[in-house]
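Down below is the structure, laid out as structure tokens.
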Amino acid sequence: MADKAQYLTLGLDQEIFGIDIRGVREILDMQPITKLPHAPPFLLGITDVRGVGYPVVDLRTKLGLPRADNTNATRIIIIDVTVRERTTAIGFVADRVFEVAHLDESLPETPPDVGGRWQSRYISAIGRKGASFVIIFDLERLMAADDIAAIAGSSLEEAA
């Protein structure tokens, strides 16, 4: 029997995405986000979680999807992301969070490079949960292009 990997499944637009559960710190209801001057469009700002400031990324904007209004289902997922050998906690805004799902490790496929509505270079694999596809993020690649670790460090220093 193949090992089962666990992924936090979340929704953006009509798609289901997965994030390896090992990096997830917590899931928060939407809360106030302080905007930062000169931040890139995908960086919404920083939010306070029990006295610690975390940069918050809009996954829709990062993936090239249109922005959407927040709803009662909108969540901020605080995740540890390693970029250039440095681990930084970052908040990612998702339209909704579904569950922790088990995906068969032998099933994820390399994503096809056919264009599409999101940047396929940010996807590590495509898995299945029942009849649905789950698009698995490569968070390191998602954040490496913009060096969010440097943005997070300088933004938090400016805000202090």
What's the shortest heavy-atom distance between [X] and [Y], and which atoms?
X     : Y     : value
Asp80 : Arg25 : OD1-NE, 2.8 Å
Ile33 : Val56 : CD1-CG1, 3.7 Å
Pro55 : Ala89 : CD-O, 3.6 Å

Check: [Y] and [X] side chains under 4.5 Å, non-hydrogen atoms:
X      : Y     : answer
Ile76  : Ile27 : no
Leu28  : Ile78 : yes
Leu44  : Arg67 : yes
Asp69  : Thr71 : no
Met143 : Val57 : yes

Distance (rounded to the nearest 0.5 Å) between [X] [atom1] and [Y] [atom2]:
X      : Y      : atom1 : atom2 : result
Leu36  : Leu43  : CG    : CG    : 6.0 Å
Ile19  : Asp138 : CD1   : CG    : 11.5 Å
Gln31  : Thr47  : CD    : OG1   : 3.5 Å
Leu65  : Glu15  : CG    : CD    : 8.0 Å
Ile136 : Ile126 : CD1   : CD1   : 8.5 Å
Leu8   : Ile77  : CG    : CD1   : 5.0 Å

Sequence neighbours left out, what passes side chain to side chain donor-acceptor pair (under 3.5 Å) with Asn70? Give chain and number order.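 Checked Asn70 against side chain to side chain donor-acceptor pair (under 3.5 Å); zero matches.
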Check side chain to side chain donor-acceptor pair (under 3.5 Å) between Thr82 and all other residues, then give those that pass, not counting sequence neighbours.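 Side chain to side chain donor-acceptor pair (under 3.5 Å) check on Thr82 returns Thr87.
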Donor-acceptor under 3.5 Å (Thr9 side chain, Phe17 main chain):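 No, because the side chain of Thr9 does not come within donor-acceptor range (under 3.5 Å) of the backbone of Phe17.
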Listed partners of Arg22 passing salt bridge (Lys or Arg N to Asp or Glu O under 4.0 Å), at least two apart: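 Counting only residues at least two positions away or on another chain, Arg22 forms a salt bridge (Lys or Arg N to Asp or Glu O under 4.0 Å) with Asp20.
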Not counting sequence neighbours, which residues clear salt bridge (Lys or Arg N to Asp or Glu O under 4.0 Å) with Asp29? List them please.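 For Asp29, the residues satisfying salt bridge (Lys or Arg N to Asp or Glu O under 4.0 Å) (neighbours in sequence not counted) are Arg75.
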Applying side-chain contact (heavy atoms from CB on, under 4.5 Å), name anything that partners Ser132, two or more places apart in sequence or on another chain.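 Checked Ser132 against side-chain contact (heavy atoms from CB on, under 4.5 Å); matches are Ile16.
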For Val52, all residues meeting side-chain contact (heavy atoms from CB on, under 4.5 Å), sequence neighbours excluded: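 Expected list: Tyr54.
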Pairs where residues 48-57 contributes a residue and the test salt bridge (Lys or Arg N to Asp or Glu O under 4.0 Å) is met, not counting sequence neighbours: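 Residue pairs passing salt bridge (Lys or Arg N to Asp or Glu O under 4.0 Å), neighbours aside: Glu26-Arg50.
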Does any pair with a residue in residues 35-46 pass salt bridge (Lys or Arg N to Asp or Glu O under 4.0 Å), and if so which ones, sequence neighbours excluded?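 The answer is none; no pair qualifies.
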Take Leu59 and Leu142 through the test side chain to side chain contact (heavy atoms under 4.5 Å, CB included) and record every step on the way to the result. CA-CA 10 Å; Leu59 279 172; Leu142 178 69; 3.8 Å; yes
Under 3.5 Å, which donor-acceptor pairs link side chains of residues 90-99 to any protein atom two or more places apart or in another chain?
{"unit_1": "Asp95", "atom_1": "OD1", "unit_2": "Arg60", "atom_2": "NE", "d": "3.0"}
{"unit_1": "Asp95", "atom_1": "OD2", "unit_2": "Asp13", "atom_2": "N", "d": "2.7"}
{"unit_1": "Asp95", "atom_1": "OD2", "unit_2": "Arg60", "atom_2": "NE", "d": "3.1"}
{"unit_1": "Asp95", "atom_1": "OD2", "unit_2": "Arg60", "atom_2": "NH2", "d": "2.9"}
{"unit_1": "Arg96", "atom_1": "NH2", "unit_2": "Asp13", "atom_2": "O", "d": "2.5"}

